[in-house]
S.K.: 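Pasting a structure below so you can have a look.
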Amino acid sequence: MQGGSGFNAVPPPFDKSRVLDVKPLRSLRPIFPNANEAPPFLCPSPSGPFPPGYSPFYPFSMPSPSETPDVNQPEEPPTWTPPAAPAPIRAFRTPEMANGDVDQSGKEAGPSNSKKRTSSRTRGSTSSQKKEKRSKFHLDPAITANYVVPISQAQREDGTRDVVDCVLITFDGLRRRLSQLEDAKEVPSGLARRSDLRAANILMTKGFRTNMRKRIGVVPGVEIGDIFFFRMELCMVGLHSQSMGGIDWIGGKGSLDEEPLAVSIVSSGYYDDDAEDKDVLIYSGQGGAMTRDKPVGDQKLERGNLALERSMRRANEVRVIRGIRDVANPNAKIYVYDGLYVIQESWMEKGKSGANTFKYKLVRVPRQPEAFAVWKSIEKWKENVSSRPGLILPDLTSGAETIAVSLVNDFDDEKGPAYFNYCSTPKYSKTFAIVQSSYGCGCRKGCTAGDLNCSCIRKNSGDLPYTTNGVLVSRKPLVYECGPSCPCGANCKIRVSQSGLKVRLEVFKTKDRGWGLRSYDPIRAGAFICEYAGEVIDKDRLKKKLQEGDNDEYIFDSSRSYEPFKWNYEPGLVGEEATNGASGDSDIPSPVIMTAKDFGNVARFMNHSCNPNVFWQQVIYEENNESFLHIAFFAVRHIPPMTELTYDYGTLSQEGDDSLNLRKKKCLCGTSKCRGYFVL
DNA sequence: GAGACCTCACATTC
DNA sequence: CGAATGTGAGGTCT
């Protein structure tokens with residue numbers, strides 16, 4: 001995920017200047033360097049003098065840069081070693097098997113034997129070693145044992161952007177796969193529910209997590225504006241390690257000289273917090289709420305409440321995560337990391353039920369990039385498009401898409417991109433129809449997961465390629481969607497990419513890369529964004545076009561070389577040798593080349609990045625009794641609103657052709673993985 | 001070290 | 001659709 005709050009062409013995915021802004025705000029550096037060596041608690045006056053070993057408090061004095069962990073250090077990408085042998089997750093044990101074989105699964109899980117190693121009381125550098133406990137779930141050992149954990153011990157303690165991305169992408173890949181199995185009821189009931197918890201449990205048991213060392217302030221690799229779709233995601237990247245609790249803290253384990261200090265809170269609306277203001281949050285303490293076996297009671301100054309109280313006295317920063325109702329899925333919440341806050345005051349008041357409730361007034365530390373504030377602005381723009389500053393056109397598609405796409409320039413005076421014809425689907429000439437016997441499935445009521453009588457599901461190797469939420473489960477050489485001759489209705493789960501835009505997009509002027517594309521809505525990993533529409537041409541015509549000096553900057557070419565990246569949880573499908581899940585695979589009838597110079601859709605505005613947040617996937621479905629390939633774009637990871645959408649344009653597979661080499665351009669993606677150039 | 005306790009989840013059902 | 005409900009997880013703490 002990329003930080004995504006810049007209004008003005010912040011080059012995602014990694015705007016270093018923005019992160020630099022955050023750094024000085026970090027104040028109290030290791031308060032508890034080590035539980036065993038920590039000096040007794042001291043509370044210096046804000047203006048000093050400060051006891052040795054303590055940094056002064058912000059804002060009275062800035063911490064010295066050398067004491068601030070450098071979020072922007074060159075990152076060591078996690079080395080990714082796929083398992084030696086493919087281990088499909090489909091191989092779940094039945095409960096009977098698992099119960100009869102508990103010892104074996106424990107043994108096979110490897111690290112689980114090491115739980116004696118450290119006392120659970122030790123904190124600091126050894127804290128993560130105790131975590132390698134046994135999973136509660138009885139999985140086929142082949143799933144867990146073969147899995148090489150690509151997270152080093154150091155990365156487990158302290159993350160980087162790449163490690164955080166890796167953890168989240170792996171988590172959601174596994175979660176989607178489990179969810180797919182659950183939908184298909186391929187797993188014994190009861191084992192499959194809550195794929196989020198199960199995925200997190202499997203990975204965390206293997207030590208597949210980061211930032212386990214709890215800390216006050218900045219969490220390396222997590223950026224303000226990052227979004228999460230499950231509480232477990234917050235745990236896995238060390239942003240907030242309580243799986244349910246709203247307040248997370250360190251210290252205070254019963255000893256008097258070690259007071260608890262809050263590190264983070266999640267405001268999700270369970271208590272009546274006041275979360276309307278973008279910079280101020282009135283947060284309720286924990287406890288006292290009515291549960292099944294307990295009536296409403298007064299809150300006590302203990303646990304999280306005590307930690308918040310102590311953090312207020314010390315003017316410590318507290319990370320704030322705001323839970324927001326997901327408009328696309330009203331049952332669910334999206335968690336937005338809104339940066340650091342300080343607690344300005346606290347009081348006790350009578351809640352609705354008459355019981356005493358703690359209240360904390362948290363105020364956002366200034367000079368941080370906007371996050372929640374962006375959401376508030378977008379809310380207004382969506383109500384009334386003309387309130388969007390810099391708006392040129394409310395809908396540049398002139399109604400061709402199901403959802404309007406704004407054209408905005410809040411950067412300079414340019415009035416819009418060069419003229420082109422908007423078309424929402426690719427223009428194929430007859431010669432490109434795929435010779436393929438086309439036949440529909442027979443599902444009258446819509447295709448249901450696990451129904452192997454459905455020929456469309458069978459074409460997708462027996463899986464429904466999308467989850468119930470319409471999220472793509474795995475990258476594949478080809479995804480088969482239902483077509484017009486399928487009797488399933490338009491609401492069929494296998495009609496995701498053909499049903500048009502789902503998120504509110506904006507074409508905007510970037511600061512140095514022409515026009516770009518971004519979204520007002522949050523986009524979760526695997527969600528469909530748009531397809532690539534243009535005129536389909538063949539290789540020869542492309543070559544000729546370029547030799548004639550046509551300066552076409554809107555080419556899509558699936559036959560280029562694409563940087564491999566791991567997205568599916570399943571090892572083997574998209575492995576180290578496979579490229580973009582496409583080229584070189586015999587499943588692909590023919591490469592797809594399109595130009596969107598004269599005819600195209602929003603996808604023509606997506607810029608290149610060497611570390612993109614969007615990937616393409618070939619999709620096929622039949623139209624007018626002939627099948628055509630489509631290029632559909634899906635989110636690599638969760639993408640916060642207003643983050644520029646980018647994909648990898650790929651590199652040329654055959655070097656030496658001058659007309660092609662001329663199309664190399666200097667890359668401005670600014671990511672740590674930048675190759676230095678890209679190909680138009 | 002085992003287990004009780006705490007908790008602003010989530011999905012499903014009504 | 002909101003409320004009710006059941007099954008949860010990691011961390012804290014005894």
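Chain letters run A, B, ... following the sequence lines, proteins first and then strands; every chain starts at 1. All values below come from the heavy atoms of this structure, side chains included, with hydrogens, waters and symmetry mates left out.
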S.K.: With a 3.5 Å limit on both atom pairs, tell me what C/dG8 is paired to, counting Watson-Crick and G-U wobble, or say none.
M.R.: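 Partner of C/dG8: none found under 3.5 Å.
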S.K.: Would you kindly give the NZ-to-P distance between A/Lys214 and C/dG11, to the nearest whole Å?
M.R.: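 In whole Å, C/dG11 P lies 7 Å from A/Lys214 NZ.
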S.K.: Specify the separation, in whole Å, of atom CE of A/Met204 and atom C1' of C/dA9.
M.R.: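 These atoms are roughly 9 Å apart.
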S.K.: Under a 3.5 Å cut-off for both contacts, is B/dC8 paired Watson-Crick or G-U wobble with anything, and if yes, with which nucleotide?
M.R.: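 Partner of B/dC8: none found under 3.5 Å.
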S.K.: I'd like to compare against my own output: the B/S/- annotation of nucleotides 3-11 of chain B with a strict under-4.0 Å heavy-atom distance to protein.
M.R.: ---SBBBBS
S.K.: Round to the nearest Å and state the distance from A/Glu233 atom CD to C/dA9 atom C1'.
M.R.: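 Roughly 15 Å, once rounded to whole Å.
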S.K.: Would you mind reporting whether A/Arg209 and A/Leu203 have side-chain heavy atoms less than 4.5 Å apart?
M.R.: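 Answer no - side chains too far apart.
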S.K.: Could you give the CG-to-P distance, from A/Asn211 to C/dG10, as a whole number of Å?
M.R.: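 It works out to 18 Å between those atoms.
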S.K.: Output the rounded distance in Å from CD1 (A/Ile202) to C1' (C/dG8).
M.R.: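 So the two atoms are 15 Å apart, to the nearest Å.
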S.K.: Determine whether the aromatic ring centres of A/Phe229 and A/His638 lie less than 6.0 Å apart.
M.R.: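 Yes.
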S.K.: Over how many whole Å does the gap from A/Phe171 atom CZ to C/dA9 atom P extend?
M.R.: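 These atoms are roughly 13 Å apart.
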S.K.: State plainly whether the residues A/Lys502 and A/Asp521 are in salt-bridge range, i.e. N to O under 4.0 Å.
M.R.: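 A salt bridge is absent here (no side-chain N lies under 4.0 Å from a carboxylate O).
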S.K.: For A/Trp347 and A/Glu345, which I'm curious about, is there any donor-acceptor pair between the side chains at under 3.5 Å?
M.R.: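 No, because no side-chain N or O of A/Trp347 sits under 3.5 Å from a partner of the opposite role on A/Glu345.
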S.K.: Around atom NZ of A/Lys445, are there more than 12 heavy atoms of other residues, nucleotides or ligands at under 6.0 Å?
M.R.: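 Incorrect, the count does not exceed 12.
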S.K.: Please list, chain by chain and in numerical order, all residues satisfying ring-ring contact (aromatic ring centres under 6.0 Å, His included) with A/Phe634, sequence neighbours excluded.
M.R.: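 Listed in chain order: A/Phe528.
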S.K.: What's the CG-C1' distance between A/Leu239 and C/dG10, to the nearest Å?
M.R.: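 Checked: the CG to C1' distance equals 15 Å.
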S.K.: Calculate the interatomic distance between A/Asn201 atom CG and C/dG11 atom C1'; express it in whole Å.
M.R.: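 A/Asn201 atom CG is separated from C/dG11 atom C1' by 14 Å.
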